[in-house]
Amino acid sequence: MPRRPDPTLKPAIVAKVAGHLRHTKLEDASVRSLGRVLGTSAYPIVYHFGTREALIDAVVDHLSVDEDRSLAPDADPCSLTEHLVAVFGGLDSPERALAVRLTFELGCVESLDGRDRQQRLHRRRVAELAAWCRAHGHCDVEAERTARAAVESARGAQWGALVDPEHTDVDAAIRAIARELASSARLAAA
């Protein structure tokens, strides 16, 4: 009879790999090298995750608890700001900064291997902001354009914080994006 998998092993693997990736480039992390980090072979990684990419996705999910948040279209400007800071900000936390770094790295190469997870997440953020803009007076075309610009600006602020953390206050930049969205909504509604 086959042995039952240990339910504590998968989260332990994710936590150990997350710690390792803080100081390791994603391109240097193979299934074998991650197995060595765990003090084992590659088998537990393949057994629990299937592929290196699935393991890295699990690490990003583990570190990005606020990524599952969604924005109600009728949310007020304060809720919009809180949402954007929770989704795009908080890079002063090493875990959050790692999740953002891995998201950028995965997004840069995923189209090369036929994956689209980061693209789908990006489109989801644009769609929820576009819905918010439409609910606050923007026409469809302007809502889409405004939402796309806001998400791209937020991602740019994240990148700036990763590249130059001493000179980038990502949360302040995100709050400024939220203020701009709120003021454009007031103008569109007028």
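Numbers here are sequence positions counted from 1.
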Review point. Is the side chain of Asp140 donor-acceptor paired with the backbone N or O of Arg134 at a distance under 3.5 Å, no angle test?
Key: no

**Study point:** Intermediate values then yes/no, side chain to side chain contact (heavy atoms under 4.5 Å, CB included), His122 and Val126
**Key:** CA-CA 6 Å; His122 178 82; Val126 171; 4.0 Å; yes

Review point. Between atom NE2 of His23 and atom CG of Asp28, what is the distance when rounded to the nearest 0.5 Å?
Key: 14.0 Å

Check your understanding: Which atoms form the tightest heavy-atom contact between Trp132 and Ala75, and what is the distance?
Key -> NE1-O, 2.8 Å

Exercise for review: Return the minimal non-hydrogen interatomic distance between Pro73 and Ala135, and the atom names on each side.
Suggested key: O-CB, 3.3 Å

Practice item. Hey, could you give me the CZ/CG distance between Arg117 and Asp57, rounded to the nearest 0.5 Å? Key: 4.0 Å

Identify every side-chain donor-acceptor pair in residues 14-22 under 3.5 Å, counting partners at least two apart or on other chains, and give the distances.
| from | atom 1 | to | atom 2 | distance (Å) |
| --- | --- | --- | --- | --- |
| His20 | NE2 | Thr24 | OG1 | 3.3 |
| Arg22 | NH2 | Glu95 | OE2 | 2.9 |

Point to revise | Co-membership, hydrophobic cluster, residues Ile56 and Val37, 4.5 Å side-chain | key: no

Exercise for review: Start with the C-alpha distance between Val151 and Phe88, add both sets of side-chain angles, then the distance that settles side chain to side chain contact (heavy atoms under 4.5 Å, CB included), and finish with yes or no.
Suggested key: CA-CA 9 Å; Val151 170; Phe88 296 107; 4.3 Å; yes

Review point. Should the heavy atoms of other residues, nucleotides or ligands under 6.0 Å from CZ of Arg123 be counted, would the total exceed 12?
Key: yes

Check your understanding: Under 3.5 Å, side chain of Gln158 to main-chain N/O of Val170, donor-acceptor pair present?
Key -> no

Check your understanding: Could you give the distance from CD (Gln119) to CG (Leu121), rounded to the nearest 0.5 Å?
Key -> 10.5 Å

Review point. Is Glu180 atom CD crowded by more than 12 heavy atoms from other residues, nucleotides or ligands, each under 6.0 Å away?
Key: no

Exercise for review: Drop me the distance from Ser33's OG to Arg52's CZ, to the nearest 0.5 angstrom.
Suggested key: 8.5 Å

Exercise for review: Indicate yes or no for a side-chain donor-acceptor contact from Arg101 to the backbone of Leu162 under 3.5 Å, with no hydrogens or angles considered.
Suggested key: no

**Study point:** Intermediate values then yes/no, side chain to side chain contact (heavy atoms under 4.5 Å, CB included), Phe49 and Ile13
**Key:** CA-CA 10 Å; Phe49 300 96; Ile13 291 171; 3.6 Å; yes

Exercise for review: Considering non-hydrogen atoms only, spot the tightest contact between Gly35 and Ile45 and give its length.
Suggested key: N-CD1, 3.6 Å

Check your understanding: Hey, does Leu102 have a side-chain heavy atom less than 4.5 Å from the side chain of Gln118?
Key -> no

**Study point:** Taking every non-hydrogen atom, the tightest pair across Thr168 and Ala157
**Key:** CG2-O, 3.8 Å

Review point. Closest heavy-atom contact between Leu98 and Leu63?
Key: CD2-CD1, 3.6 Å

Review point. Are the side chain of His138 and the backbone of Glu144 linked by a donor-acceptor contact shorter than 3.5 Å?
Key: no

Review point. If you measure from CD1 on Ile174 to CG on Leu91, what distance do you get to the nearest 0.5 Å?
Key: 8.5 Å

Review point. Is there a side-chain contact between Leu84 and Leu129 (heavy atoms, below 4.5 Å)?
Key: yes

Check your understanding: Within the distance-only criterion (no hydrogens, no angle test), does the side chain of Arg96 pair as donor or acceptor with the backbone N or O of Gly89 below 3.5 angstrom?
Key -> yes

Exercise for review: Give the C-alpha distance, both sets of side-chain angles, the deciding distance and a yes or no for side chain to side chain contact (heavy atoms under 4.5 Å, CB included) between His83 and Glu128.
Suggested key: CA-CA 11 Å; His83 173 77; Glu128 73 184 6; 2.7 Å; yes

Practice item. Specify the closest pair of heavy atoms between Ser70 and Arg124, including all atoms of both residues, with the distance to one decimal. Key: CB-NH2, 4.3 Å

Check your understanding: Is the side chain of Ser184 donor-acceptor paired with the backbone N or O of Leu181 at a distance under 3.5 Å, no angle test?
Key -> yes

Check your understanding: Between Glu142 and Arg145, does a salt bridge (charged side-chain N to carboxylate O under 4.0 Å, His left out) hold up when you go through it step by step?
Key -> CA-CA 5 Å; Glu142 188 59 32; Arg145 184 176 27 246; 2.9 Å; yes

Check your understanding: Looking at CZ of Arg175 and CD of Glu82, how far apart are the two atoms once the value is rounded to the nearest 0.5 Å?
Key -> 9.5 Å

